[in-house]
S.K.: 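Before I ask anything, here is the structure I am working with.
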Number of protein chains: 2
Amino acid sequence: MEAHATEVCCQPVTASLLAEDEAEELAGLLKVLADPARLRLLSLVATAEAGEACACDLVEPLGRSQPTVSHHLSLLVEAGLLSREKRGRWAWYRVVPERLSTIQDALAPGAAFSSSPRP
Amino acid sequence: MEAHATEVCCQPVTASLLAEDEAEELAGLLKVLADPARLRLLSLVATAEAGEACACDLVEPLGRSQPTVSHHLSLLVEAGLLSREKRGRWAWYRVVPERLSTIQDALAPGAAFSSSPRP
DNA sequence: ACGGTTCATCGACGTTCATCGATGTCTCGG
DNA sequence: CCGAGACATCGATGAACGTCGATGAACCGT
């Protein structure tokens, strides 16, 4: 019931009537974003040098314990919002911009009349 | 600590380092969206005839009890995602597209280098 | 003025979730 | 080969949340 990265995820919310399944799918993805700690992690990684950040450099600026940071990072990776690459004994993270665009598209406002321009 | 509609809400997450306050603010707004019932309510109102929907027509298609629907609608209004207008004994709801755009802007990907083009 | 309809509020219950300390696993340097 | 550092996993705990039935408040037709 989680927001796996493989999902393409939904048409725009305002474009057509969302089914319960699609709604749960999109809600699962949004739920991962809807947390201060995870938003700041996303922001920390995005603004990090070279666009990637080591987990060891995220614990202190986030002000949470190491297990908590690890937990949030796992959720972000599972949702496809971050990618993890383990190099040596460090784990490096990057943001996945396409995944953010996915959410943006799902939230496109006033899309109710933009489906078929006219035959 | 809620997502009041008056908030302008944050710079893009990927553009600059999010402070804890801003993160909580944006998270509060996203938390309202991150629920299947509320997403479907938003979708129901958006795709309704004339762009507005009566609360009485939302209970049955949502498949939840009337108090639950009322509760979710209140949260959406408080977050500024819906507007409520009481006419007679019915309550009519409309989506607020600007509020959706706010979230879209906050989630703009790859905005790390788009702040100041060059002086 | 009364009864029915619409909607919000209240109180309660079960689930989900963020957080932590303790522990386990892996990798490297000496 | 052993110890230290980095990270994930486990188990527990307290708070937040979605849901419902019951109740309350407002607004009409008759």
Side-chain angles (χ1 to χ4, degrees), chain A residues 1-3 18 20 23-42 44-45 48 52-79 81-94, chain B residues 1-3 18 20 23-42 44-45 48 52-79 81-94:
Chain A
M1 68 198 67
E2 292 309 316
L18 228 60
E20 184 73 25
E24 282 185 17
E25 208 173 291
L26 180 54
L29 181 53
L30 286 169
K31 218 172 286 242
V32 177
L33 267 181
D35 180 88
R38 290 192 285 269
L39 283 176
R40 294 195 69 212
L41 280 176
L42 216 58
L44 278 165
V45 173
E52 65 178 4
C54 169
C56 57
D57 294 328
L58 299 174
V59 174
E60 184 261 332
L62 197 68
R64 265 104 171 170
S65 73
Q66 178 268 325
T68 298
V69 173
S70 180
H71 173 237
H72 286 311
L73 287 171
S74 291
L75 289 185
L76 286 167
V77 168
E78 187 190 12
L81 291 163
L82 285 183
S83 68
R84 165 163 42 202
E85 184 190 356
K86 194 144 194 187
R87 291 204 293 267
R89 47 185 172 186
W90 295 283
W92 294 87
Y93 293 87
R94 313 187 72 98
Chain B
M1 69 199 67
E2 293 307 314
L18 228 60
E20 185 73 25
E24 281 185 18
E25 208 173 292
L26 180 54
L29 181 53
L30 286 169
K31 217 173 286 243
V32 176
L33 267 181
D35 180 87
R38 290 192 285 269
L39 282 176
R40 292 196 69 211
L41 280 176
L42 217 57
L44 278 165
V45 173
E52 65 178 2
C54 169
C56 59
D57 293 327
L58 298 174
V59 174
E60 183 260 332
L62 197 68
R64 265 101 169 171
S65 74
Q66 178 269 324
T68 299
V69 173
S70 181
H71 174 235
H72 287 310
L73 286 172
S74 292
L75 290 184
L76 286 167
V77 168
E78 186 189 14
L81 292 162
L82 286 183
S83 68
R84 164 165 39 202
E85 184 190 356
K86 194 145 193 186
R87 291 204 293 267
R89 47 184 172 186
W90 295 282
W92 294 87
Y93 292 88
R94 313 187 72 99

S.K.: When the distance from CG of A:Asp35 to P of D:dA16 is rounded to whole Å, what number comes out?
M.R.: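 That distance rounds to 13 Å.
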S.K.: Would you mind checking if A:Arg64 and B:Glu20 are paired as a salt bridge, meaning a charged N to carboxylate O distance below 4.0 Å?
M.R.: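 Salt bridge: yes.
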S.K.: With no hydrogens and no angle check, is any side-chain donor or acceptor of A:Ser70 less than 3.5 Å from a backbone partner on A:Gln66?
M.R.: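 Flag not set: sc A:Ser70 to bb A:Gln66 has no pair under 3.5 Å.
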S.K.: With no hydrogens and no angle check, is any side-chain donor or acceptor of B:Arg38 less than 3.5 Å from a backbone partner on B:Lys31?
M.R.: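 A pair under 3.5 Å: yes.
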S.K.: Under a 4.0 Å threshold between the charged nitrogen and the carboxylate oxygen, would B:Glu52 count as salt-bridged to B:Arg84?
M.R.: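 The answer is no: the pair does not qualify as a salt bridge.
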S.K.: Give the rounded distance in Å between these two atoms: CZ of A:Arg87 and C1' of C:dC26.
M.R.: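 Answer to the nearest Å: 17 Å.
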S.K.: Any side-chain heavy-atom pair from B:Leu44 and B:Asp57 closer than 4.5 angstrom?
M.R.: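 B:Leu44 vs B:Asp57: side chains apart.
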S.K.: Check every strand shown and say whether A:Arg38 touches a base, only sugar-phosphate, or nothing at a heavy-atom separation below 4.0 Å.
M.R.: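 Answer is sugar-phosphate: A:Arg38 comes under 4.0 Å of backbone atoms only.
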S.K.: If you count every heavy atom of other residues, nucleotides or ligands that lies below 6.0 Å from A:Glu60 atom CD, does the total exceed 12?
M.R.: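 It does not: A:Glu60 CD has 12 such atoms or fewer within range.
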S.K.: Flag the pair A:Leu41 / A:Tyr93 as yes when at least one side-chain heavy-atom distance between them is below 4.5 Å, and no otherwise.
M.R.: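 No, too far: nothing below the 4.5 Å cut-off.
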S.K.: Measure from CD on B:Glu85 to P on C:dT6 and round the result to the nearest Å.
M.R.: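 Taking CD of B:Glu85 and P of C:dT6, I get 18 Å after rounding.
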S.K.: Could you work out how much the helix from C:dA1-D:dT30 to C:dG30-D:dC1 bends, comparing the axis of its first five pairs with that of its last five, to 10°?
M.R.: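 Between the first-five-pair axis and the last-five-pair axis there is 20°.
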S.K.: Hey, does the side chain of B:Arg40 reach the backbone of A:Leu18 with a donor-acceptor pair shorter than 3.5 angstrom?
M.R.: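 Present.
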S.K.: Expressed as a whole number of angstroms, how long is the span from A:Glu78:CD to D:dT9:C1'?
M.R.: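 Whole-Å distance recorded here is 14 Å.
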S.K.: Which parts of nucleotides 7-12 of chain C does protein reach within less than 4.0 Å, heavy atoms only, written one letter per nucleotide 5' to 3' as B for base, S for sugar-phosphate only and - for none?
M.R.: BBB---
